[in-house]
Protein chains: 2
Amino acid sequence: MKKTRNTRQRGVILDLLRGSHDHPTAEAIYRNARRVLPNISLGTVYRNLNFLRDQGAVREIRPSEGGSSRFDAADTPHAHFHCLHCSALLDIPLPPTLESVRFEEEETISAVSLVDLHVVGSCSGCAPAAGAGHSVQ
Amino acid sequence: MKKTRNTRQRGVILDLLRGSHDHPTAEAIYRNARRVLPNISLGTVYRNLNFLRDQGAVREIRPSEGGSSRFDAADTPHAHFHCLHCSALLDIPLPPTLESVRFEEEETISAVSLVDLHVVGSCSGCAPAAGAGHSVQ
DNA sequence: GTAATTGCAAAAGATTTGCCCCATT
DNA sequence: AATGGGGCAAATCTTTTGCAATTAC
């Protein structure tokens, strides 16, 4: 395999991601990285995010509501909650029941590499007309 | 509320979606719609897909692997399986256990409007080295 | 020294939008 | 006739890429 280098840029990006809990966009990571590396380019941020994603160090989340991808440092499995009002993207625990589902039993599926669970709604901070229940689609 | 019109374009788009099982992209819908309405424009397709999505008649799926959004006529709740090799996007039944999860119990969540479950892997048609198991993230 | 990686800028891809005309109601 | 919606093209937004220069190893 081809060898990879530990560049300052890559380290800073990963550190930023590990230190943030708000699932920043590439653009946001870029803005923050510039405070440490004023010459870093957005292209480099994207290249590194893709690299880190492919290594499994970082997770990319594509909000179903549209807009840019958001990222987090991949640690323990969890689901995501996305607030439609303030766009906050929060980690939430996985329904324990989901961890044991065997999707391979579907005859159309041969192997599963990952399962992504997104819950969309409004967060307590925005909290309009709570208690409406939920529908899984 | 403002009243909406039943245009030929909107009807054709919805019909195409109802008649297809492969979760077409806007582009694909556009190509098919042109066989019926040779002058329809891609912008119109996008505008109608957004409209229908907002009405709840259509569902937009943003593949976590990137690329264009894909659409289906929203009927009964189901999850999606996405094959990494051939890009097929298939409806799969929801794990029954998921239907009853109450996400509102999380203190950060006030109301849930929808839950999206994406399973990514390889389909039986592609089937390389099956049986690797799965990881929920 | 070598090649992976960067910065820059241009390109590509996907989706949205302004504007003027047409068609549904 | 009023106005929502369509067609076209330009604009926007996000992400990728080619290339020459740089830097980690």
Side-chain angles (χ1 to χ4, degrees), chain A residues 1-17 22-55 57-72 82 87 89, chain B residues 1-17 22-55 57-72 82 87 89:
Chain A
M1 61 204 116
K2 102 169 153 178
K3 86 185 71 146
T4 67
R5 290 179 189 179
N6 261 12
T7 60
R8 190 93 201 286
Q9 289 85 340
R10 186 166 297 164
V12 167
I13 290 168
L14 189 50
D15 284 352
L16 281 173
L17 229 21
D22 60 344
H23 302 89
T25 62
E27 191 55 50
I29 293 166
Y30 170 60
R31 283 196 305 274
N32 286 316
R34 288 233 282 191
R35 301 196 296 199
V36 185
L37 302 170
N39 291 317
I40 194 173
S41 74
L42 185 53
T44 294
V45 172
Y46 271 106
R47 270 189 289 234
N48 275 298
L49 287 171
N50 289 347
F51 173 87
L52 293 166
R53 188 225 312 111
D54 295 344
Q55 300 296 300
V58 154
R59 238 175 127 193
E60 176 174 4
I61 302 124
R62 304 191 74 211
S64 29
E65 299 67 41
S68 322
S69 284
R70 298 175 66 166
F71 298 85
D72 71 5
H82 196 180
S87 294
L89 186 55
Chain B
M1 61 201 121
K2 101 170 152 179
K3 86 186 69 144
T4 66
R5 290 179 189 179
N6 261 11
T7 60
R8 190 93 201 287
Q9 290 84 341
R10 185 166 296 167
V12 168
I13 289 168
L14 189 49
D15 285 350
L16 282 173
L17 231 19
D22 60 343
H23 303 89
T25 60
E27 192 53 53
I29 293 166
Y30 170 60
R31 284 195 306 271
N32 286 317
R34 288 231 284 191
R35 301 196 295 201
V36 186
L37 303 169
N39 290 317
I40 196 174
S41 73
L42 185 54
T44 294
V45 173
Y46 272 106
R47 267 188 289 237
N48 275 297
L49 288 171
N50 289 346
F51 173 86
L52 293 166
R53 187 223 314 110
D54 295 346
Q55 300 295 300
V58 152
R59 239 176 127 192
E60 177 175 2
I61 302 124
R62 303 191 74 209
S64 30
E65 299 65 43
S68 322
S69 283
R70 299 176 65 166
F71 298 86
D72 70 6
H82 195 181
S87 294
L89 187 55

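Values in this document were obtained by computation on a predicted structure and should not be read as measured data. Residue numbers start from 1 in every chain, and the chains themselves are labelled A, B, ... in the order their sequence lines are given, proteins ahead of strands.
E27(A) places its CD atom 11 Å from the C1' atom of dT15(D), with the value rounded to the nearest Å. Taking atom CG on N50(B) and atom P on dG5(D), their separation rounds to 13 Å, with Å as the unit. The distance from atom CD of E65(B) to atom P of dT15(D) is 15 Å, rounded to the nearest whole Å. Rounding to whole angstrom units, CG of residue L49(A) and C1' of dT16(D) are separated by 13 Å. We find that CG of L42(B) is positioned 15 Å from P of dA10(D), with the value rounded to whole Å.
Of all heavy-atom pairs spanning P63(A) and S69(A), the tightest one is CD-CA, 4.2 Å. Across every non-hydrogen atom of L89(B) and H23(B), the tightest pair is O-ND1, 2.9 Å.
Considering I29(B), N48(B), V12(B) in turn, I29(B) is the only one that fulfils the side chain to side chain contact (heavy atoms under 4.5 Å, CB included) rule with L17(B). The only option from T25(B), V58(B), L52(B), I61(B) that meets the side chain to side chain contact (heavy atoms under 4.5 Å, CB included) definition with F71(B) turns out to be V58(B).
Under 4.0 angstrom from either OP1 or OP2 of dG6(D) there lies no side-chain N or O belonging to N39(B). S69(A) has a side-chain polar atom (N or O) that falls below the 4.0 Å cut-off from OP1 or OP2 of dT15(D).
The residue among G43(A) and F51(A) whose nearest nucleotide of DNA chain C lies closer to the 5′ end is F51(A).
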- Message: Using side-chain hydrogen bond (donor to acceptor under 3.5 Å, both in side chains), reason through R53(B) and N50(B) one step at a time and then give a plain yes or no.
- Response: CA-CA 5 Å; R53(B) 187 223 314 110; N50(B) 289 346; 2.8 Å; yes

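On a pure distance criterion of 3.5 Å, no polar donor-acceptor pair joins the side chain of R34(B) and the base of dG7(D). Judged by distance alone, with hydrogens and angles left aside, R47(B) brings a side-chain donor or acceptor within reach of the base of dG7(D), the pair sitting under 3.5 Å.
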Expected string for nucleotides 20-25 of chain D under the B/S/- scheme (protein heavy atoms, under 4.0 Å, primed atoms plus P, OP1, OP2 as sugar-phosphate) is ---BBS

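Although no hydrogens or angles enter the test, the distance criterion places a donor-acceptor pair under 3.5 Å between the side chain of R10(A) and the main chain of R5(A).
A distance of 9.5 Å separates CD in E60(A) from CD in E65(B), rounded to the nearest 0.5 Å.
Under the 3.5 Å distance criterion, with hydrogens and angles disregarded, a donor-acceptor pair is assigned to the side chains of N32(B) and R35(B).
Around the CG atom of N6(B), the shell of radius 6.0 Å holds no more than 12 heavy atoms that belong to other residues, nucleotides or ligands.
Once you apply a 4.0 Å limit to the heavy atoms of chain A, the touched nucleotides of DNA chain C run 5' to 3' over dT2(C) to dC8(C).
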